[in-house]
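What you are looking at is a predicted structure, and each value in this text was computed from that prediction instead of being measured.
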Amino acid sequence: MPSVLFVFTSANKTLSGRQTGWYLPEAAHPYWVLAPHAKIDFAAPAGPNPEVDEGSLQAYLNDEGSQKFLKDETVKSKLANAKKLTEVNVKDYDAIFYVGGHGPVIDLANDPENAKLASQFYQSGKIVSAVCHAPAALVGAVDADGKSIVAGKKFTGFSNVEEDLVNGAKDIPFSLEDKLQALGGKYEKAAEPWGSHVVVDGNLLTGQNPASAEPLGQAILKALK
């Protein structure tokens, strides 16, 4: 059975002071796609009990997969025992998946341990995947030649249009779309804001927004087989 590492943000405040964290369906939906077929561990920069974005709790009150995730005893245990990034051995996993939320732009983007981890996964030919704001976690990741792993690659992530619609620019240090394009990435997005969009380019797999989380989970599962 393949192994997948889910990486959560440990950030719980945005630049404007608003509560944040990991975005509920962006963990829940891929989890339920992958859990029957893969061993899953959780990790975060600060380790156990990364904080969930409270806005996502409210927005997904009636979402079955999200509510099941919150109540599941196995999930609770994984969150309570989340590894620190420094405790992760890349050899133990076939894929890394970064859960979205504004948090990753604040902590994972600047975390040297995370940059090292993402680089190791990528250079080992393992799956590197991220949804919504979480491709921000890849800004420090490099290939064997020291070039950004997004350089020359097609990718997606939360769009500038979507950021404007949630009035989120004030909450984060940079625009995801602009930053990864500046690193040489070729940005793609759905025809309409909030539309599902997944991009697979080699071992780099990305999803645009919450609606893309489950389809990204399916793409990860396909790539693992």
**Student:** Side-chain contact, heavy-atom cut-off 4.5 Å: Thr156 with Asn209?
**Tutor:** no
**Student:** Tell me whether Trp22 contacts the main-chain N or O of Pro50 through its side chain, where contact means a donor paired with an acceptor under 3.5 Å.
**Tutor:** yes
**Student:** Please work out whether the ring planes of Phe42 and Tyr31 are parallel, tilted or perpendicular, with thresholds of 30° and 60°.
**Tutor:** perpendicular
**Student:** What heavy-atom pair brings Ser66 and Tyr60 nearest, and what distance separates the two atoms?
**Tutor:** OG-CB, 3.9 Å
**Student:** Keeping Asp53 on the side-chain end and Gly55 on the backbone end, is there a donor-acceptor pair under 3.5 Å?
**Tutor:** yes
**Student:** Under a plain distance cut-off of 3.5 Å, with no hydrogens placed, do Asp143 and Gln123 share a side-chain donor-acceptor pair?
**Tutor:** no
**Student:** Is the shortest heavy-atom distance from the side chain of Leu24 to the side chain of Leu57 under 4.5 Å?
**Tutor:** yes
**Student:** Test of understanding: clusters of I, L, V, M, F, W, Y form through side-chain heavy atoms closer than 4.5 Å, transitively. Do Val150 and Ile96 belong to the same one?
**Tutor:** yes
**Student:** Identify whether Leu205 and Leu224 are in the same connected component of the hydrophobic contact network (ILVMFWY, side-chain heavy atoms under 4.5 Å).
**Tutor:** yes
**Student:** Is any side-chain heavy atom of Val128 closer than 4.5 Å to a side-chain heavy atom of Ile149?
**Tutor:** yes
**Student:** Let's go through Glu113 and Lys116 carefully: what are the C-alpha distance in whole Å and the side-chain angles of both, what is the deciding distance for salt bridge (Lys or Arg N to Asp or Glu O under 4.0 Å) to 0.1 Å, and is it a yes or a no?
**Tutor:** CA-CA 5 Å; Glu113 277 303 322; Lys116 187 169 84 176; 3.7 Å; yes
**Student:** Distance-only, no hydrogens or angles: does the Glu51 side chain make a donor-acceptor pair with backbone N or O of Ser10 under 3.5 Å?
**Tutor:** no
**Student:** Within the supplied structure, the quantity of interest is the number of heavy atoms (other residues, nucleotides, ligands) at a distance under 6.0 Å from Glu87 CD; does it exceed 12?
**Tutor:** yes
**Student:** Determine yes or no for a side-chain-to-main-chain donor-acceptor pair under 3.5 angstrom, with Asn203 supplying the side chain and Lys126 the backbone.
**Tutor:** yes
**Student:** Would the distance check show the side chain of Ser212 and the main-chain N or O of Gly207 forming a donor-acceptor pair, the cut-off being under 3.5 Å?
**Tutor:** no
**Student:** Going by atom types alone, do His133 and Glu163 pair a side-chain donor with an acceptor below 3.5 Å?
**Tutor:** yes
**Student:** Which pairs pass salt bridge (charged side-chain N to carboxylate O under 4.0 Å, His left out) with one or both residues in residues 57-75, sequence neighbours excluded?
**Tutor:** Glu73-Lys76
**Student:** Side-chain contact test, heavy atoms from C-beta onward, threshold under 4.5 Å: evaluate it for Val105 versus Pro173 and give yes or no.
**Tutor:** yes
**Student:** Can you name the nearest heavy-atom pair linking Pro193 to Val161, along with the distance?
**Tutor:** CG-CG1, 3.7 Å
**Student:** Rounded to the nearest 0.5 Å, how far does SG of Cys132 lie from CD of Gln208?
**Tutor:** 8.5 Å
**Student:** Roughly how far apart are Leu5 CG and Leu117 CG, rounded to 0.5 Å?
**Tutor:** 6.5 Å
**Student:** Could you name each residue pair satisfying salt bridge (charged side-chain N to carboxylate O under 4.0 Å, His left out) that touches residues 196-217, not counting sequence neighbours?
**Tutor:** Lys153-Asp201
**Student:** More than 12 heavy atoms of other residues, nucleotides or ligands under 6.0 Å from CG of Asp92: yes or no?
**Tutor:** yes
**Student:** When you compare the side chain of His197 with that of Glu188, does any pair of heavy atoms fall below 4.5 Å?
**Tutor:** yes
**Student:** Are side-chain heavy atoms of Leu138 and Tyr98 found at a separation under 4.5 Å?
**Tutor:** yes
**Student:** Indicate the atoms forming the closest heavy-atom contact of Glu26 with Gly100, along with that distance.
**Tutor:** OE1-CA, 2.9 Å
**Student:** If you take all heavy atoms of Ala219 and Val198, which pair is closest and at what distance?
**Tutor:** CB-CG1, 4.1 Å
**Student:** Okay, side chain of Asn114, backbone of Leu108: is any donor-acceptor separation there less than 3.5 Å?
**Tutor:** yes
**Student:** With sequence neighbours left out, what residues match Asp41 under side-chain hydrogen bond (donor to acceptor under 3.5 Å, both in side chains)?
**Tutor:** Lys39, Tyr93
**Student:** Does any donor atom in the side chain of Tyr187 or Asp178 lie under 3.5 Å from an acceptor atom in the other side chain?
**Tutor:** no
**Student:** Can you tell me how far OG of Ser56 sits from NE2 of His102, rounded to the nearest 0.5 angstrom?
**Tutor:** 12.0 Å
**Student:** Kindly indicate whether the side chain of Lys189, heavy atoms from C-beta on, has any atom under 4.5 Å from the side chain of Phe158.
**Tutor:** no
**Student:** Taking all non-hydrogen atoms of both residues, which atom of Ala27 and which atom of Phe8 are closest, and how far apart?
**Tutor:** CB-CE2, 3.7 Å
**Student:** Heavy atoms only: give me the nearest Ile220-Ile127 pair and the separation to one decimal.
**Tutor:** O-CD1, 4.0 Å
**Student:** Are Val139 and Lys179 close enough, and set up right, to give a side chain to side chain contact (heavy atoms under 4.5 Å, CB included), and what steps lead you there?
**Tutor:** CA-CA 8 Å; Val139 299; Lys179 182 83 162 182; 3.8 Å; yes
**Student:** For Thr14 and Ile172, indicate whether the former's side chain and the latter's backbone hold a donor-acceptor pair under 3.5 Å.
**Tutor:** no
**Student:** Spell out, yes or no, whether Phe69 and Val131 are grouped together once hydrophobic residues are joined by side-chain heavy atoms under 4.5 Å, including indirect joins.
**Tutor:** yes
**Student:** Can you check whether Val52's main-chain N or O pairs, donor with acceptor, with Gln19's side chain at less than 3.5 Å?
**Tutor:** yes
**Student:** Should we count NZ of Lys154 as having more than 12 external heavy atoms under 6.0 Å?
**Tutor:** no
**Student:** Would Arg18 and Asp171 pass as an ion pair if we require N to O under 4.0 Å?
**Tutor:** yes
**Student:** Supply the atom-to-atom distance Leu221 CG to Leu216 CG, rounded to the nearest 0.5 angstrom.
**Tutor:** 11.0 Å
**Student:** Quick check for you: to the nearest 0.5 Å, what is the distance between Leu34 atom CG and His29 atom NE2?
**Tutor:** 13.0 Å
**Student:** If two hydrophobic side chains count as joined below 4.5 Å and joins carry through other members, does Phe174 share a cluster with Leu180?
**Tutor:** yes
**Student:** Is the backbone N or O of Gly65 less than 3.5 Å from a side-chain atom of Trp32, with the two atoms forming a donor-acceptor pair by type?
**Tutor:** yes
**Student:** Got more than 12 heavy atoms from elsewhere within 6.0 Å of NZ, Lys186?
**Tutor:** no
**Student:** Examine Phe121 and Val99 and state if one hydrophobic cluster contains both, with Ile, Leu, Val, Met, Phe, Trp and Tyr joined whenever side-chain heavy atoms are less than 4.5 Å apart.
**Tutor:** no
**Student:** Does any N or O in the side chain of Glu177 come within less than 3.5 Å of the main-chain N or O of Asn160, such that one atom is a donor and the other an acceptor?
**Tutor:** yes
